[in-house]
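The block underneath contains the structure these notes are about, expressed in structure tokens.
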Amino acid sequence: MIRFTSLGSGSEGNALLIEAGSTRLMIDCGLPVRQALARIEARGVDPKGLNAILVTHEHGDHIGGVMGLARKTGATVCLTRGTHTALHNRSAEACNGVTLRLIDSHQPFELGCVEICPFPVPHDAREPVQYVIAYGEIRLGVLTDLGMLTPHVERSLQACDGLVLEFNHDPDLLARSSYPESLKQRIAGRYGHLCNRDAAGFLASLSLDRLQHVVAAHLSQSNNSPDHVLAAVEEALGEVPGCFYLATQADGFDWLTLQPS
Ligand SMILES: [Zn+2]
Ligand SMILES: [Zn+2]
């Protein structure tokens with residue numbers, strides 16, 4: 001089985017913890033290191049057992065705590081060359097004392113007993129990727145921080161058993177918000193964030209028979225609400241599936257388990 005839990009999800013910090021067999025990894029850590037360590041322990045896990053941290057891109061809500069956590073735990077940090085360059089340009093010492101593994105954004109690779117399948121996404125970062133984690137026949141897909149769905153993104157996420165999917169904003173709430181016009185355009189743009197309607201439409205295009213759990217993630221705290229997310233899902237699917245969950249900034253979501261189908 002695969003089990004996965006979020007330590008926090010949203011623009012103030014993202015961190016997803018995943019276990020499959022003897023392999024334990026995280027996708028991103030945008031939380032302060034001390035908070036991340038405390039939340040990992042609160043999930044019943046020894047941080048020292050972390051094998052790797054997969055980074056999606058260089059925005060602070062994803063990478064802020066990665067290098068500090070890697071230094072504390074000895075975990076290898078996997079990131080694209082573009083993300084590494086962006087980080088290095090910000091601080092030449094950012095990766096000191098950390099074991100890095102540079103990855104190709106189109107090339108699957110083995111990590112312990114899992115296969116990691118990165119795929120590129122349209123987002124305003126240097127070389128952003130998202131991931132599918134495969135353990136035997138079980139597949140967990142993760143998709144946040146993208147402005148729009150592309151055919152390649154949609155293909156990459158076929159046949160998943162679990163999905164963590166960005167429901168960033170409600171377009172009407174964003175349009176009416178007090179955000180500066182430039183920020184509104186960035187969020188709603190092709191390299192920004194996925195709105196509820198697009199996420200729900202994508203979900204409706206997938207085979208729900210196979211999906212054991214779907215988690216709405218990276219909700220905007222200003223321009224979204226659980227009710228708006230649920231309304232969009234209901235409109236696209238006719239009803240909200242029983243396997244649908246919402247991740248929060250304060251507490252992410254608790255462990256979910258995926259079994260072979
Ligand atoms: Zn983000
Ligand atoms: Zn981002």
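Just so we're clear, the structure is a prediction, and the values are computed from it rather than from any experiment. Throughout, residue positions are numbered sequentially from 1 according to the sequence presented. Each ligand, and each atom within it, is numbered from 1 in the order the structure gives.
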Open item on the list: Using modelled atom types and a 3.5 Å cut-off, is there a donor and acceptor pairing between side-chain atoms of R126 and backbone atoms of L87?
Closed with: no
TODO: Please step through side-chain hydrogen bond (donor to acceptor under 3.5 Å, both in side chains) for the pair D28 and T56, ending with a clear verdict.
DONE: CA-CA 6 Å; D28 292 332; T56 59; 2.7 Å; yes
Open item on the list: Using a distance threshold of 2.8 Å, state whether an N, O or S atom of H62 lies below it from the Zn ion (ligand 1).
Closed with: yes
Open item on the list: Do P47 and E41 have side chains that approach each other closer than 4.5 Å (heavy atoms only, starting at C-beta)?
Closed with: yes
Task: Name, closest N/O/S atom of H218 to the Zn ion (ligand 1) - done: NE2
Open item on the list: Looking only at N, O or S atoms in H59, which is nearest to the Zn ion (ligand 2)?
Closed with: ND1
Open item on the list: Could you check whether T5 and R43, counting side-chain N and O atoms only, form a donor-acceptor pair closer than 3.5 Å?
Closed with: yes
Open item on the list: From the N, O or S atoms in D145, identify the one nearest to the Zn ion (ligand 2).
Closed with: OD2
Open item on the list: For a distance under 2.8 Å, tell me if H123 has an N/O/S atom near the Zn ion (ligand 2).
Closed with: yes
Task: Residue H57, metal the Zn ion (ligand 1), N/O/S under 2.8 Å - done: no
Open item on the list: With side chain to side chain contact (heavy atoms under 4.5 Å, CB included) as the test, pick out the partner of H218 among N224, L194, D61.
Closed with: D61
- [ ] Tell me, please, if D124 has any N/O/S atom, main chain or side chain, under 2.8 Å from the Zn ion (ligand 2)?
- [x] no
Task: Side-chain heavy atoms of T248 within contact of S6, under 4.5 Å - done: no
- [ ] Please find the N/O/S atom of D61 nearest to the Zn ion (ligand 1) and write down its name.
- [x] OD2
